[in-house]
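Working notes for the structure below.
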Amino acid sequence: MSIKIPAGLTDLLQGFTVEVLRKQPVDLVEFAVQYFTKLRASQKVPFGNERSGSGAFRATKAVNFADEPMQTDSENGEEEDDDDDEEFEAPVINRFTRRVSVCAESFNPDEEEEDTEPRVIHPKTDEQRRRLQEACKDILLFKNLDQEQMFQLLDAMFEMLVKVDEHVIDQGDDGDNFYVIERGTYDIFVNLDGLQRCVGTYDNRGSFGELALMYNTPRAATIIATSNGALWGLDRATFRRIIVKNNAKKRRLYEEFVQSLPLLKSLELGERMKVVDVFGTKIYKDGECIIAQGDKADCFYIVESGEVRITMKHKAKPDADGGMEIARCSRGQYFGELALVANQPRAASAYAVGNVKCLVMDVQAFERLLGPCMDIMKRNIANYEEQLVDLFGTNMDLTDPSV
Ligand code: 1OR
Ligand code: 1OR
């Protein structure tokens, strides 16, 4: 049997290999995604195009040495957009370049193939369904789903009791389920330089286990129960059919907006798209409290539309009724970072002025994804401290919880 090697393939792979050898990336798949995304964006052929011509890369879908359908999802998901007008297409990552154990299924979030798949249904009592709905009501990944998608998710979820010290997830394993916490506390451990470090906790709320399912990667952290607890599991196939498909839509909707955000300018395109994957949108009515001063913090906010009023009660001005207005945030601006960065209660309150829509991210995603944006945030926090002196005539440290 003879296999035709598409024109340009050797040069393409050679260029990529040289970059890998030069840069020695830790995460090869992520590096490949970034590399080929940039290559496509640049719309030019950097390797030996005088021989192969720019049209050569059209043939990349032929890099299929097997009869099975190709895996096209990736951390960046750009392949999900079928853009035939491109000069050349981003090469499809074939199954020989990926971890075999985690890419058994082929899935294109934009195809309607899910309707032929059998639905997973775990029957539940009314009481279980009520508890499940309560546990899911603040799950950010579920915020942008329509009613039918939500029904299907709830049908597919199953209850799991966990015992203290139980490993719900082990770093490096393949991803089987996504988990929503009904109750219990859980530690997050990550292997950093060969040492297991506790990098965070879940306290009776939230969810985990989405990354391995979204990106076909090994589990990125170990999750251990620190109390007896209860979780709701969602199988990988249903998660991908509903959430990953919805994320492809979210990326298209929000790509332009996240590109325009000054806060995210230190992130690569792929990293910005991961931000889109994990945020949920929340809508607030006029006057609604989004953040209350003194509360424990677990989310970060970016205003998509409307205006947010920030107010502060300060012991230097105890008579200011309901707090003094200290700032306003509008489209593209962020708030709620201070408590997460300084690990302290909310320093101020935030209220909707008219109808407001925010992109909301949980603290774990904030820490995992927004590290490169920390300089901008810290500069802003230093600014708050200066303003504090002007407004309240005090040089009190804003990170002091007694303020
Ligand atoms: P997963 O499918 O990879 C482990 O399985 C889960 O732990 C992961 O999805 C997330 O849902 C959750 N880095 C990676 N995964 C994390 C992190 C995290 N936190 C929670 N998970 N970091 C900690 C941020 C507080 C970054 C550590 C360097
Ligand atoms: P947070 O997590 O503490 C309240 O929740 C948020 O209000 C806070 O993060 C900031 O994102 C936002 N001082 C403190 N927080 C402020 C301020 C501010 N402005 C907005 N926030 N100052 C206003 C400076 C123009 C200084 C205080 C007088």
Side-chain angles (χ1 to χ4, degrees), residues 102 141 167-181 186-193 197-202 206-224 236 239 263 274 277-278 289-303 308-314 316-317 320 323-329 333-351 361-371 377 380-394 396-399 401 403:
V102 290
L141 277 176
H167 286 221
V168 183
I169 286 180
D170 279 303
Q171 187 171 353
D173 280 0
D174 290 347
D176 46 4
N177 298 311
F178 168 68
Y179 301 96
V180 169
I181 298 169
Y186 304 82
D187 277 347
I188 309 163
F189 285 92
V190 172
N191 195 322
L192 295 166
D193 305 323
R197 302 231 175 123
C198 182
V199 292
T201 55
Y202 294 101
S207 62
F208 54 80
E210 75 290 0
L211 299 179
L213 309 189
M214 273 183 191
Y215 304 128
N216 265 335
T217 48
R219 292 296 198 187
T222 295
I223 308 288
I224 304 179
R236 176 187 184 96
F239 180 93
L263 173 69
K274 286 187 197 168
D277 288 340
V278 295
C289 180
I290 306 171
I291 281 180
Q293 185 172 345
D295 275 6
K296 209 169 151 239
D298 55 10
C299 286
F300 167 73
Y301 303 79
I302 297 174
V303 182
V308 174
R309 197 162 63 93
I310 309 284
T311 66
M312 188 184 254
K313 285 186 195 161
H314 196 287
K317 293 233 169 112
M324 182 170 173
E325 179 168 326
I326 52 169
R328 290 220 170 194
C329 302
Q333 293 181 310
Y334 64 87
F335 61 96
E337 82 298 359
L338 177 58
L340 305 186
V341 172
N343 198 13
Q344 64 174 29
R346 296 296 190 188
S349 297
Y351 295 93
M361 190 188 272
D362 68 25
V363 57
Q364 289 82 17
F366 176 84
E367 290 189 12
R368 189 165 50 78
L369 295 171
L370 298 192
M377 287 193 248
N380 228 349
I381 290 172
N383 245 341
Y384 297 160
E385 276 157 11
E386 276 172 28
Q387 298 271 342
L388 191 67
V389 181
D390 292 348
L391 282 164
F392 294 103
T394 166
M396 222 172 280
D397 181 1
L398 256 180
T399 58
V403 168

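Predicted model only: the values in this text are computed from it and were never measured. Ligands are counted one by one from 1 in listed order, and the atoms in each one are counted from 1 as well. The figures that follow rest on heavy atoms only: side chains count, while hydrogens, waters and symmetry mates do not.
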State whether the side chain of [X] and the backbone N or O of [Y] hold a donor-acceptor pair below 3.5 Å, judged by distance alone.
X: Asn177; Y: Tyr179; value: no
X: Arg309; Y: Glu325; value: no
X: Arg346; Y: Gly336; value: yes
X: Glu337; Y: Met377; value: no
X: Gln293; Y: Lys313; value: yes

Min side-chain heavy-atom separation [X]-[Y] under 4.5 Å:
X: Ile223; Y: Ile188; answer: yes
X: Tyr215; Y: Lys274; answer: yes
X: Leu340; Y: Glu367; answer: no
X: Val308; Y: Tyr301; answer: no

Grab the two heavy atoms, one from Ala221 and one from Val190, that are nearest each other, plus how far apart they are.
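Closest approach of Ala221 to Val190, heavy atoms only: CB-CG2, 3.8 Å.
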For Asp277 against Leu141, the heavy-atom pair lying closest together
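Heavy atoms only, the tightest pair is O-CD2, 3.3 Å.
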I want to know if ligand 2 touches [X] in the polar sense, i.e. an N/O pair below 3.5 angstrom.
X: Glu337; value: yes
X: Gly336; value: yes
X: Gln387; value: no

For [atom], closest protein heavy-atom neighbour:
atom: atom 6 (C) of ligand 1; answer: Gly209 N, 3.8 Å
atom: atom 16 (C) of ligand 1; answer: Ala221 CB, 4.0 Å
atom: atom 14 (C) of ligand 1; answer: Arg368 CD, 3.5 Å
atom: atom 5 (O) of ligand 1; answer: Arg219 CD, 3.3 Å
atom: atom 21 (N) of ligand 1; answer: Tyr202 OH, 3.8 Å
atom: atom 8 (C) of ligand 1; answer: Leu211 CD1, 3.8 Å
atom: atom 27 (C) of ligand 1; answer: Val190 CG2, 3.9 Å
atom: atom 11 (O) of ligand 1; answer: Glu210 OE1, 2.6 Å

Those atoms of ligand 1 less than 4.0 Å from some heavy atom in [X]:
X: Ala212; answer: 1 (P), 2 (O), 3 (O)
X: Phe208; answer: 11 (O)
X: Glu367; answer: 24 (C), 25 (C)

Please lay out, stage by stage, how Asp176 and Arg219 fare under the test salt bridge (charged side-chain N to carboxylate O under 4.0 Å, His left out).
CA-CA 10 Å; Asp176 46 4; Arg219 292 296 198 187; 3.1 Å; yes
Give yes if a backbone or side-chain nitrogen or oxygen of Ala220 is under 3.5 Å from a nitrogen or oxygen of ligand 1, and no if not.
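It does: an N or O of Ala220 is found under 3.5 Å from an N or O of ligand 1.
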Considering both backbone and side-chain atoms of Ile223, is one of its nitrogen or oxygen atoms within less than 3.5 Å of a nitrogen or oxygen in ligand 1?
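By distance alone, the answer is no.
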Looking at [X], which atoms of ligand 2 are within less than 4.0 Å of one of its heavy atoms?
X: Leu388; result: 27 (C), 28 (C)
X: Phe335; result: 11 (O)
X: Ala339; result: 1 (P), 2 (O), 3 (O)

Please state whether Gly200 comes within less than 4.0 angstrom of ligand 1, counting heavy atoms only.
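The answer is no: ligand 1 sits nowhere under 4.0 Å from a heavy atom of Gly200.
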Could a heavy atom of Gly175 be found less than 4.0 Å from some atom of ligand 1?
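No, Gly175 has no heavy atom closer than 4.0 Å to ligand 1.
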Option nearest atom 23 (C) of ligand 1 (shortest heavy-atom distance, choices Val199, Ile188, Leu192)
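Answer by nearest heavy atom: Val199.
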Heavy atom to atom 20 (C) of ligand 2, shortest distance: which of Val389, Thr311, Ile310 holds it?
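Heavy atom nearest to atom 20 (C) of ligand 2 belongs to Ile310.
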Applying the side-chain contact (heavy atoms from CB on, under 4.5 Å) test to Thr222, which of Val168, Ile169, Asp170 qualifies?
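Only one option passes, and that is Asp170.
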Ala350 to ligand 2, any heavy atom closer than 4.0 Å
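Judged by the 4.0 Å heavy-atom criterion, Ala350 does not count as contacting ligand 2.
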Tell me whether Asn343 at atom CG has more than 12 heavy atoms from other residues, nucleotides or ligands lying less than 6.0 Å away.
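Incorrect, the count does not exceed 12.
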